[in-house]
Each structure stands twice: as C-alpha cells, then as structure tokens.
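To start, the structure itself, in structure tokens.
In each ligand, atom 1 is the first atom listed, and ligand 1 is the first ligand listed. On a predicted model such as this, the values are computed, not experimentally measured, just so you know.
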Amino acid sequence: MENSKKNNVPMSSPEINEEDRQSVMEVLNTTNLSMGPKIDQFEQAVKDLTGSRHALAVSSGTTGLHLCIRAAGIEQGDLVITTPFSFISSTNVILFEKAIPVFVDVDPLTGNIDADQLKQAIRDLNKGGKDAARWLPRNLPEKTGRLKAVLSVDVFGQPADYDSLIPVCEEHGLTIIEDSCEALGATYKGKPAGKFGKYGAFAFYPNKQITTGEGGIIITDDDEDAAFMQALRNQGRAPGDAWLQHTYLGYNYRLDEMSAALGLSQIKRLDHMLDSRAQVADWYAQYLQEFPMIETPQVLPTTTRMSWFVYVIRLDKSIDRDDFARRLLANEVPVRPYFLPIHLQPYIATQFGYRRGDYPVTEALGDRGLALPFSSVMSEEQVEQVCEGIRKSL
Ligand SMILES: *Cc1c(COP(=O)(O)O)cnc(C)c1O
C-alpha cells in the first residue's frame with residue numbers, strides 16, 4: 001500500500017551503492033565478523049582524513065563521547081561546560097559519570113557555544129560563590145567538584161569558534177572534547193573538525209553524512225589516552241591483557257566488521273557526498289528566497305568547508321511552528337523540530353531544576369527551527385516539491 005502512494009520525500013536517506021553492498025557481503029563470506037581488518041582500515045581512513053595519530057572505531061557516537069569523558073578523567077561531581085542546543089547524547093555522556101553539565105547558551109547565528117559567555121562562565125566558575133552560582137543549575141548535587149572540561153558541539157556540521165575557545169580553555173587547564181558527530185569532513189580555517197579538542201568524536205547513524213548503520217569513531221593525538229580508550233571499548237582489556245583479563249571497568253563499545261566495511265566504502269565517497277549535500281543546501285537557499293518569513297542557515301567565513309548534516313530553517317516569530325509542521329505533514333512534507341532544548345528535557349529539568357527562560361537563545365532556536373527533508377541523494381525536483389509544500393502550508 002505504502003508504495004502505491006505518490007513518492008513522498010523522506011526526512012533523510014542514506015546513500016548506499018553496489019560497492020557498499022559488496023563490501024559488507026565480502027565480510028559475511030569470512031569468519032571474521034568482529035575485531036578484524038575492516039576496523040583497522042576504516043580507522044586508517046579517518047586518520048588520513050583528519051591527520052590524527054589515533055582513530056578508534058566504536059559502536060556509536062554516544063559511546064565514543066562517553067569514552068572521551070572517561071579518558072578526560074571526569075568523575076562524579078565534576079563540572080563540564082556544554083550547550084543545551086544539541087542532540088541529547090552530548091549531555092548524557094556527562095551524566096553517565098554523575099558529573100554535572102553546566103550549560104552555556106549559544107550563538108544565535110550558528111547554534112554553537114557562545115565564546116564570550118563561555119569566557120565569562122569559566123572566569124565566574126573559577127571565582128566561586130555568587131559569581132559561579134549564576135552558571136550552575138538550581139538543584140546542585142551535594143558532591144560538586146571543580147570545572148574540568150568543555151564539551152563543544154559542532155552543530156549541524158559547522159565547527160564552533162575554536163580561535164576563541166581554545167586560548168581560554170588552555171589558560172584555565174580545561175580539556176576540550178569536540179562533539180563532531182554532525183561535522184565529519186567540515187573544516188574551520190582549513191583544519192578538520194574533530195581536531196580542535198584533545199578528543200573528537202564522529203557518528204555514523206543513517207542520517208549522518210556517512211553511515212555504518214550504528215557506529216562512531218573517536219580521534220585523538222594522545223598515545224596514552226588512545227590506549228586507555230581502546231581498552232575501555234573492549235571490556236577494559238589493557239594492552240597485554242589476556243581475553244578474560246580486565247584491567248579497567250570497561251564496556252563492549254566495539255564496532256563490528258560489517259559496519260566497518262560499510263563505513264570504509266562510504267568514506268571513500270565522502271567528498272562527493274558532502275558536495276551533493278552542499279548542492280541540495282544551495283537549491284534550498286535559492287528556492288526559499290521567495291519566503292520572507294523563512295530564514296535559511298548561515299555559513300560563517302571561518303567555516304572553510306561546511307559538512308551539511310541537516311537543513312534547519314528558522315521561522316518568523318509570527319508563525320506557529322508546530323501548526324506549520326502539522327500542515328506540512330498534511331502536504332506530505334516530513335519535518336522535525338531541531339533541537340528541543342536539552343535543559344527542558346523532562347529528566348534534566350527535574351533533576352537540575354531548569355525552567356523555560358534559562359537559556360533564551362537555545363529556546364528561541366528550539367521554538368523556531370524546523371529541519372526539512374535532507375540527504376545527499378535528494379534531487380532538485382524533491383527540493384521544489386518541499387518548497388511547494390511550504391507554499392501551501394504557510
Ligand atoms: C548524532 C549525534 C551524536 C551521536 O549519536 P549516535 O546516535 O549515538 O551515533 C552525538 N552528538 C550529536 C550532536 C549528534 O548529532
């Protein structure tokens with residue numbers, strides 16, 4: 001029945017070709033379905049792309065970020081600065097270790113962390129007392145340690161303002177963890193996303209720029225931490241440990257060979273796929289010009305390569321976003337609000353006592369943002385179809 005309907009434009013779509021299928025089939029014809037050569041080759045491809053000393057394939061972007069948190073030595077009560085305008089896992093990985101996410105609001109143009117507010121927050125948190133309190137959640141856990149790290153998100157495929165972030169973090173001895181899960185292949189002033197922190201993480205869920213089904217990769221230049229994270233992803237087996245020997249509290253965060261084979265085959269076409277995404281973004285920008293109530297995404301001059309992840313428009317305040325979304329759906333255009341602010345997610349608002357009004361820029365972006373159908377395989381006709389749906393729905 002589904003197929004008899006006229007072809008709706010999907011929200012997102014992976015780009016899988018015959019070579020991808022062949023690569024996965026090849027693995028299935030071997031007996032080596034985990035911890036084999038495909039992992040090594042996929043990791044090497046990411047090292048080549050980013051110029052990192054180490055790349056570690058993991059089971060998801062979230063598990064990758066979690067290992068970064070562990071490697072950074074973040075423990076119960078430690079403070080980690082991050083943003084509430086992100087996918088939930090950038091905050092969850094902090095909570096996994098019972099550390100405390102300290103939210104700093106975002107730049108209204110990019111949705112990335114606001115560098116001026118970050119500087120102020122770091123100064124104030126280090127001062128303590130009243131100055132620190134204005135950045136901390138209302139409900140503060142009893143065990144509250146010191147500020148240790150900044151987890152910065154490269155939102156929608158655009159790197160954060162690292163020329164501003166890095167000096168202040170260095171000055172205060174803070175580790176940067178770069179959540180590049182939306183930014184594989186992006187560059188900031190010519191340097192690859194993922195390389196600006198001590199650790200960077202990428203993700204390969206099917207709506208990302210390349211996919212492994214589920215999967216992720218961590219990069220770092222630190223030899224010791226790379227060995228530690230390698231142990232943690234493999235049940236805490238340290239280098240030299242026998243199969244049933246476990247030096248650390250670890251996890252099964254391994255990526256399997258079929259997924260790695262798919263990732264390896266996909267990453268070979270990354271350039272092409274990023275170009276296709278940029279083309280779709282260009283078409284959208286062009287066709288959306290006729291709607292003065294719609295703001296299209298901005299790419300900063302410092303973003304020397306945008307790695308388009310999603311295409312999020314912002315609606316004029318006079319438009320009720322959720323009503324508009326319902327009308328679009330009725331006109332067969334799937335859309336998604338992007339993002340729902342993290343501080344207002346029920347369990348986080350409850351635990352930490354956040355309220356609406358706490359992070360006004362994040363909330364405004366969250367209220368007005370709508371992701372349109374987007375992928376590397378989208379045609380100009382499909383972009384027109386979406387814009388026709390928008391015309392009918394406005
Ligand atoms: C996709 C994504 C992740 C990780 O997602 P997984 O589904 O665990 O692979 C983390 N952070 C951000 C910002 C993301 O968009």
* Parallel, tilted or perpendicular: ring planes of Tyr253 versus Tyr251, cut at 30 and 60 degrees -> parallel
* Per-residue contact class, Ser86 against ligand 1 - non-hydrogen pairs under 4.0 Å -> side chain
Considering only non-hydrogen protein atoms, determine which one is nearest to [atom] and report residue, atom name and distance to 0.1 Å.
{"atom": "atom 5 (O) of ligand 1", "value": "Thr62 OG1, 3.8 Å"}
{"atom": "atom 11 (N) of ligand 1", "value": "Asp179 OD2, 2.8 Å"}
{"atom": "atom 10 (C) of ligand 1", "value": "Ser89 OG, 3.1 Å"}

* Residue Gly61 vicinity, atoms of ligand 1 by number, heavy atom under 4.0 Å -> 4 (C), 6 (P), 8 (O), 9 (O)
* Asked: Taking both backbone and side-chain atoms of Glu214, is any N or O found less than 3.5 Å from an N or O belonging to ligand 1?
  -> no
* Asked: Going by distance only, is there an N or O of Val153 that falls short of 3.5 Å from an N or O of ligand 1?
  -> no
* For the pair Lys195 and Asp221, find out whether any cationic side-chain nitrogen is under 4.0 Å from an anionic carboxylate oxygen. => yes
* To do: Please confirm whether Lys208 comes under 4.0 Å of ligand 1, counting heavy atoms of the residue only.
  => yes
* To do: Give a yes/no on ligand 1: does Ser90 have at least one heavy atom closer than 4.0 angstrom to it?
  => no
* To do: Report the C-alpha separation of Phe352 and His343 in whole Å, then their side-chain angles, then the decisive distance to 0.1 Å, and conclude whether the side chain to side chain contact (heavy atoms under 4.5 Å, CB included) test is met.
  => CA-CA 8 Å; Phe352 294 106; His343 66 286; over 6 Å; no
